[in-house]
Amino acid sequence: MTGSELDVSGLPSYGFGHRSLMWWGTFGLIAIEGTLFALAIGAYLYLRSQSDTWPISAAPPLLLWGSINTLILVVSMWPNHMTKRAAEACDRVRARRWLLACLLFSLVFLVVRGLEFATLQTRWDSNAYGSIVWMLLGLHTVHLLTDTYDTAVLVVLLHTGPMEAQRFVDVSENALYWYFVVISWLPIYAVIYGVPRLQ
């Protein structure tokens with residue numbers, strides 16, 4: 001090797017945050033999906049502005065299950081944060097433990113989400129109100145299912161296979177996506193459960 005060459009063989013093959021391609025991919029997905037949520041909320045508010053009564057031919061959704069799910073999501077931020085910290089410290093034992101807790105929160109949330117759908121007091125095909133409410137809840141549920149699946153796969157990988165350092169980056173970015181899932185729910189909750197109660 002000549003004096004002008006740079007030896008990079010000692011550098012790690014992975015990085016966290018903006019140094020990772022996975023972070024940029026996750027950030028891009030969040031930007032796209034955040035725009036989708038904003039457009040759906042905009043459609044809801046537009047339909048509300050065009051209607052004399054809101055909700056149309058229905059009572060507002062019952063608050064119980066949606067509020068319980070909001071509480072579950074907010075509390076899930078703690079194990080998610082601890083998972084991210086453990087992953088960035090490359091601590092496999094703690095990352096496994098906290099990621100499993102995140103998976104349990106996700107599964108509980110999905111069960112309660114089923115109860116939440118049952119108490120919307122409107123069908124998806126009844127009118128514009130029913131369609132937009134089901135669309136908002138459905139879009140968010142798809143993100144929950146996606147992240148739950150991803151979390152389950154990472155739990156299995158952390159418990160079984162040989163552990164590559166890159167896997168910690170995957171766990172960290174999964175936690176970043178969960179932050180998005182939680183934060184995106186808050187305005188959706190306000191729109192679905194709050195707007196119909198405004199007079």
Pairing residues for [X] by the side-chain contact (heavy atoms from CB on, under 4.5 Å) criterion, not counting sequence neighbours:
X: V75; value: L71, F105
X: T26; value: M22, I30, E173, L176, Y177
X: L107; value: L103, T148

Could you tell me whether the side chain of [Y] reaches within less than 4.5 Å of the side chain of [X], counting heavy atoms only?
X: N69; Y: L73; value: no
X: S106; Y: L144; value: no
X: Y44; Y: M135; value: no
X: N174; Y: T83; value: no

Give, for atom [atom1] of [X] and atom [atom2] of [Y], the distance between the pair rounded to the nearest 0.5 Å.
X: N127; Y: S131; atom1: CG; atom2: OG; answer: 7.0 Å
X: I56; Y: R48; atom1: CD1; atom2: CZ; answer: 9.5 Å
X: L137; Y: I188; atom1: CG; atom2: CD1; answer: 8.0 Å
X: L145; Y: D150; atom1: CG; atom2: CG; answer: 12.5 Å
X: L104; Y: I72; atom1: CG; atom2: CD1; answer: 12.0 Å
X: L100; Y: T151; atom1: CG; atom2: OG1; answer: 10.5 Å

For [X] against [Y], the heavy-atom pair lying closest together:
X: S76; Y: P79; value: O-CD, 3.3 Å
X: N80; Y: A175; value: ND2-O, 3.0 Å
X: R92; Y: L157; value: NH2-O, 4.0 Å
X: S49; Y: Y46; value: OG-O, 2.7 Å
X: S126; Y: G130; value: OG-CA, 4.1 Å
X: V181; Y: H140; value: O-NE2, 2.9 Å

Using distance only, find each side-chain donor-acceptor pair of residues 57-67 under 3.5 Å and give its atom names and separation, not counting sequence neighbours.
residue : atom : partner : partner atom : Å
S67     : OG   : L63     : O            : 2.8
S67     : OG   : Y189    : OH           : 2.6

Handout entry: Donor-acceptor contact present, side-chain S172 to main-chain F168, <3.5 Å
Key = no
Exercise for the section: Just do the side chain to side chain contact (heavy atoms under 4.5 Å, CB included) check on C102 and W178 with the steps written out, would you? Expected result: CA-CA 9 Å; C102 290; W178 187 255; 5.9 Å; no
Under the salt bridge (Lys or Arg N to Asp or Glu O under 4.0 Å) rule, collect the residues that match up with [X], sequence neighbours excluded.
X: E33; result: none
X: R113; result: E116
X: D125; result: R123

Handout entry: Pairs touching residues 94-104 that satisfy side-chain hydrogen bond (donor to acceptor under 3.5 Å, both in side chains), sequence neighbours left out
Key = D91-R94
Handout entry: Test side chain to side chain donor-acceptor pair (under 3.5 Å) applied to W134 and Y129, step by step
Key = CA-CA 9 Å; W134 276 75; Y129 167 73; over 6 Å; no
For [X], all residues meeting side chain to side chain donor-acceptor pair (under 3.5 Å), sequence neighbours excluded:
X: Y179; value: H81
X: H159; value: none
X: T70; value: W185
X: T119; value: none

Problem - Common cluster, V142/W124, ILVMFWY with side-chain heavy-atom separation under 4.5 Å - result: no
Exercise for the section: Inspect the surroundings of OH in Y193 and state if more than 12 heavy atoms from other residues, nucleotides or ligands are less than 6.0 Å away. Expected result: yes
